[in-house]
Novice: 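Here's a structure for you.
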Amino acid sequence: MKTRDLLKLRNTGHPGINSLFAKAHSADWDFENDVDWSVPVELDDPLVAHGWAAYGRTPTFQALPEGVKTHATRRAVGRMLNILQVGESVAQNVCAKLVLLLREEDYRNHAAAQAMDEARHHLAYCRFIGAIGEEVEDIDAGTEMMFDSLLSMNDPLELIATEQFFLESFAMSIFEGLRQDATHPVLRRILELITRDESRHMGFGVLYLAEWMRRQPIDRRIAFARRWMGQILGSLLDRPGPIMLARVIRRLREVGVADAEALAPRLLREQHEINTAELAEAASGAKVPHLLKSARRAGLLDPELLEALHLSNQPLIRGALRGGAEPTATHD
Ligand SMILES: [Fe+2]
Ligand SMILES: [Fe+2]
């Protein structure tokens, strides 16, 4: 890019996207002063309700001794926070790249503000991980591959669809779940502050895609919706299964449960029942996942697209369309 390219930056004039930049300042928070880091993290504190973690709501897990449950839950929280802290750094890289790639003044401004938010989130998670004071489990290969593929992208549409639209909508449900179930006040506080920022980031992804979709011919919209609806439904249908169970069993063994493997079939069966009930709840429209809310707002659930993709009768999509009729692309 040359000075001439920056001399008269075009602003798209999109009121929603322009207001995101102002909000990034008015809703600002300070990672040192807005969180009371003096509250200690005790070694026997599970940090969240046991039910938060995968398999944590199964009767078999619930019946384990308190110390065993605490170890397993703390390990699960540590693993998640480690994924989140590196996810924040990935998001910061994506935003820095977007600042350099985008030519629209308001889009660039949002990306610059978001990069700063992500830096702050990274620091907050890392500081809390430090306070827990134990080695965290490594991130899994699937997550690492997904982040690597995102880091290798160079097309603004791909970057924004993957980071702000897909990943941040996906992560929003994780943040909300963690915030709801967090029992440690510092963890709850940082999640409350971070979730506020993340809803702006997700909003940018939705508004950007809605604008892009509006300008595309029907065949491109169908192709785009096919790719992303596949990914969205795949991740919503992906519930705790054997991979997650292997981690739980390992944690139980670490803390001295000798017959941990023997519990596996029961845990799997009980978790399967919970998974089925949760999917039924999502299909009822009582609680629409953020991914489907974002898809609807970006225009991916428009009737002609769903028909072309044969998704009009997919239970989760029907639930999302039933669950409150929010209009397209007005998310702030
Ligand atoms: Fe973030
Ligand atoms: Fe974010």
Side-chain angles (χ1 to χ4, degrees), residues 16-17 19-32 34-35 77-99 101-102 106-130 136 139 143-144 146-147 149-151 153 156-180 182 186-209 232 235 289-291 293-295 297-298 331-332:
I17 293 179
S19 78
L20 288 174
F21 188 63
K23 274 186 202 153
H25 294 82
S26 55
D28 210 5
W29 56 277
D30 169 350
F31 127 92
E32 287 288 351
D34 291 309
V35 181
V77 171
R79 172 179 173 271
M80 178 55 77
L81 294 180
N82 194 30
I83 292 173
L84 293 177
Q85 68 82 11
V86 69
E88 301 294 352
S89 296
V90 171
Q92 194 185 357
N93 275 35
V94 168
C95 290
K97 198 182 268 184
L98 284 172
V99 173
L101 286 171
L102 292 167
D106 42 341
Y107 296 175
R108 286 161 47 92
N109 288 350
H110 167 78
Q114 185 181 337
M116 199 186 80
D117 292 343
E118 307 300 12
R120 173 169 62 195
H121 301 170
H122 167 80
L123 286 173
Y125 286 132
C126 285
R127 184 143 173 193
F128 192 76
I129 290 171
V136 285
I139 64 167
T143 303
E144 186 168 3
M146 182 185 63
F147 285 158
S149 119
L150 170 57
L151 288 168
M153 293 174 186
L157 176 69
E158 276 286 292
L159 285 161
I160 294 169
T162 309
E163 173 63 43
Q164 278 95 343
F165 170 72
F166 179 76
L167 280 178
E168 307 215 69
S169 302
F170 179 72
M172 187 56 90
S173 297
I174 297 177
F175 300 140
E176 284 185 353
L178 250 181
R179 188 186 51 179
Q180 243 166 43
V186 175
L187 182 60
R188 207 168 46 229
R189 177 67 175 153
I190 60 180
L191 281 157
E192 173 193 314
L193 292 165
I194 288 173
T195 310
R196 218 160 67 191
D197 295 343
E198 297 299 353
S199 80
R200 285 196 306 279
H201 306 167
M202 189 176 74
F204 174 73
V206 167
L207 294 175
Y208 181 94
L209 284 192
I232 287 171
S235 77
H290 282 288
L291 274 169
K293 280 189 195 165
S294 293
R297 287 171 177 147
H331 183 78
D332 61 1

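Both counts, for ligands and for their atoms, begin at 1 and track the order of listing. When reading the values below, keep in mind they use all heavy atoms of this one structure, side chains included, and skip hydrogens, waters and symmetry mates. Start at 1 with the first residue, then count along the sequence.
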Novice: Identify whether the distance between the nearest side-chain nitrogen and carboxylate oxygen of Arg127 and Glu32 falls below 4.0 Å.
Specialist: yes
Novice: With sequence neighbours left out, write down each residue that passes side-chain hydrogen bond (donor to acceptor under 3.5 Å, both in side chains) with Arg179, or none if nothing qualifies.
Specialist: none
Novice: State which residues pass side-chain contact (heavy atoms from CB on, under 4.5 Å) with Val136; sequence neighbours excluded, sorted by chain then number.
Specialist: Asn82, Ile129
Novice: For Phe128, which residues count as a ring-ring contact (aromatic ring centres under 6.0 Å, His included) partner, sequence neighbours excluded?
Specialist: His184
Novice: Given a threshold of 2.8 Å, state how many protein N/O/S atoms are nearer than that to the Fe ion (ligand 2).
Specialist: 4
Novice: Can you establish whether the number of heavy atoms outside Phe170 located under 6.0 Å from its atom CZ is more than 12?
Specialist: no
Novice: Go through the steps to decide whether Tyr208 and Gln164 satisfy the test side-chain contact (heavy atoms from CB on, under 4.5 Å), and finish with yes or no.
Specialist: CA-CA 9 Å; Tyr208 181 94; Gln164 278 95 343; over 6 Å; no
